[in-house]
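Contents: one structure, followed by commentary.
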Amino acid sequence: MNFLAEIRSRFAKSLHSLTGFEGDVAPVLEQIRPSDGKFGDYQANCAMPLGKQLGKPPREIAAALVESLDVADLCEVPEIAGPGFINLKIKDEAITTALAAAAKDTQHLGVPQAAEPRCMVVDYSSPNVAKPMHVGHIRSTVIGAAIANVLRFLGHKVITDNHIGDWGTQFGMIIYGYKHFVDESALAKEPVAELSRLYKLVNSLVEYHGAKTSGLPAINERIAKQEQTVAELSAAEPTGDKKADKQAAKKLRQAEAALGDLRKEKESIEKKIAAVDEDATLAAMAAEHATIGRAVLDETAKLHADDVTNKELWNKFLPACMDEIQKTYDRLNVSFDHTLGESFYHDRLAAVVTDLQQRGLATESDGAMCVFLEGFAAPFIVRKQDGAFLYSTTDLATIAYRLEEWQPDAILYVVDHRQGLHFEQLFATAKQCGCENVELEHVSFGTVLGEDGKPYKTRSGSAVGLMGLLDEAVDRARAIADESPVLTTDDERQQVAERIGIGGIKYADLAHNRTSDYTFSYDKMLAMNGNTAAYMQYSYARVRGIFGKAKVTEEQALAGADSISIDSPEERALAMQLLRFAEALDKVVEDYRPNHLTAYLFDLAQAYATFFQNCPVIKAETEELKSSRLALCALSARTLETGLGLLGIECVERM
RNA sequence: GCGCCCGUAGCUUAGUUGGAUAGAGCAGCGGACUUCUAAUCCGCAGGUCACAGGUUCGAAUCCUGUCGGGCGUGCCA
């Protein structure tokens, strides 16, 4: 049962009989929403805007709506309050009936399936496979998986696709590394470790030369320029105009800050150079491979041109790379229906450009093939001067393939917000090529920040490895498991630590509004109190503990759902919260934001805790009451487990 | 320069086509343990919703301006 949806549909009927009302009911129904309990369970706020629209007093509209509203089976008599709020309180019988139905629906806990199922492609994670996954991949992976799970749970057809980067310069690096630095025995024994070593080695040499030949001079030049700007700004005489002087002071401040940033950047470049210079072996390699940057691009180009040797190497290395990222996915318990990376679209790219040209959308400019779009300052470049294709080209080919293969109603891209412009241009271009009927959505998210408020990096400035991050979280979670009085074996403690640690990382990420940046903190995500995975998992374990004490299974407890009593306020509040699960999931899907679900589950855990504190279960006054309360416990456990499961978070029986 | 996003309690934040007294959690203070797991619960305190105008029955939310911050911006992804 979804009370909100049900009430809205009743109101829709009532609106049709409202004299003078014409037009779309949907926006009016939006004005009917859950209430915070002070005035009832739901409130309809539509009478006020309707009053304005129809030129009648809102209270009169409210009265007319209530008059024709048929909700007697669901609600107590509606009350009109204030300027025209309609307050609705769900009848206790309706609640207990819905609970009984939810208990019988083992698959969906009473959550209705979508009336019009949509076919949705969800594109998330998308790492570069030759590089180790880092902290930046968490959000896309975790948010994308959660959205896909929820959509599927609601009855939509979901196709998940991991658009991996398996065709880029990283492979040029590995190929170059293989040709010059490989340790064959290491490659045979531990291919992933050896490939990773080669990647890192070549990358550091490329960066070394890049820093020396262009990076350092460029930054010096920028610093000199910035110093001049600062000097000019600070030399400027006050004009006497207050506003102008304030502006000037601000400009100076900003210029000085920018100069500071540049100097820091220079420091890190110098550090990279020093790291090679100070290591005799590396320095010798660097001297020997002076043109490594160019050579790596050449190896990449040869791969793209179907060079036999490089293609063979690519075929040889790819499985090992895939195994490596698969380890991360196994640990995160995330999977995909398809993994169609950049390489899959390789031979379709030329056709994309030709097609754009034939449609008259793409034209040549400065040797590059560009789509000039109205409303955009920069062109959407689909082929470079040197003839190489870009990710814009691949993305267009990918859309075409997905439409052809799956005929989706929507394609969601769970990608960080810095690529916003790219997707705006991509979608605008696609719309002009016959993709008008598909919803293309950039489900963007903010940056993961360190506790200093800057993007989360290691002390040396490199990206934080994802596996190391998970290990650290699990290590710290182990301290929580070690404190548990109920965990007896080391194995069990370790399993619990794993679930708390990984769950903590996922939950912290999902609990934040995806559009804002969020601050990564082990201490906060692993706290036992507050809105964390550990608290949610503990809540679940406590509920499960009841069944052990009462010597019943969850299924037996659930059987009592046919006659649940909600006489106490705590029981009623818990029951209502249980029945709002469907609403929470609807909200997640509405704007693709899983934080609505974490918020719901946290509220549920709190409602349960309050119930548990005030309503004895095993020691209930009567057998009937005990059975009723056990059923509430069982539904709470099921809902917590199901909700957390949709978020990709596993529960534990005891902790 | 131009474009996009953001600014809510000491900290982390919820709040989306405008709704009733802006909700939480953490930290702080005060209560409740011969326990159904106190790893919990209850209460208190804490807010000029960055600032200034405007729109109206009503604004954290919409509009304009200001201040502060992040990101992006022709050949990386």
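The analysis underlying the following values was restricted to heavy atoms, covering all of them including side chains, and did not include hydrogens, waters or symmetry mates. First the proteins, then the strands, lettered A, B, ... as listed; each starts at 1.
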Nearest of [options] to any side-chain atom of [X]?
X      : options                : answer
A:Q385 : B:rG19, B:rC75, B:rA24 : B:rC75
A:H596 : B:rC41, B:rG15, B:rG74 : B:rG15
A:T519 : B:rA77, B:rU12, B:rU17 : B:rU12
A:P485 : B:rG74, B:rG19, B:rA39 : B:rA39
A:L421 : B:rG72, B:rG58, B:rG19 : B:rG72
A:N87  : B:rU13, B:rA39, B:rA20 : B:rA20

Salt bridge check, A:R139 against A:D416: does any charged N sit closer than 4.0 Å to a carboxylate O?
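No, this pair does not count.
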Just name whichever nucleotide pairs with [N], Watson-Crick or G-U, keeping both distances under 3.5 Å, else none.
N      : value
B:rG65 : B:rC51
B:rU34 : none
B:rG3  : B:rC71
B:rC29 : B:rG43

Is there aromatic stacking of A:F85 against B:rA20, centre distance under 5.5 Å, plane angle under 30°?
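Yes, aromatic ring over the base.
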With no hydrogens and no angle check, do the side chains of A:E571 and A:S568 hold a donor and an acceptor under 3.5 Å apart?
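A:E571 vs A:S568: donor-acceptor pair found between side chains.
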A:S343 and A:D166: side-chain donor and acceptor closer than 3.5 Å?
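The answer is yes; a qualifying pair exists.
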Is it the case that [N] (base atoms only) and [X] (side chain only) share a donor and an acceptor within less than 3.5 Å, ignoring hydrogens and angles?
X      : N      : answer
A:N529 : B:rA27 : no
A:S126 : B:rA77 : no
A:S365 : B:rG74 : yes

Contact under 4.0 Å: [X] side-chain N or O vs [N] OP1/OP2:
X      : N      : answer
A:H417 : B:rC71 : no
A:R418 : B:rG3  : no
A:N45  : B:rG18 : no
A:N128 : B:rC76 : no

Is A:V617 touching bases, backbone alone, or none of the nucleic acid, heavy atoms closer than 4.0 Å?
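The answer is base, as A:V617 lies within the cut-off (heavy atoms under 4.0 Å) of a base atom.
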Would you confirm whether the ring centroid of A:F85 sits within less than 6.0 angstrom of the ring centroid of A:F39?
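No: the rings miss the under 6.0 Å criterion.
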Do the two ring centres, one from A:Y608 and one from A:F611, sit under 6.0 Å apart?
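Yes, they do, as the ring centres are separated by less than 6.0 Å.
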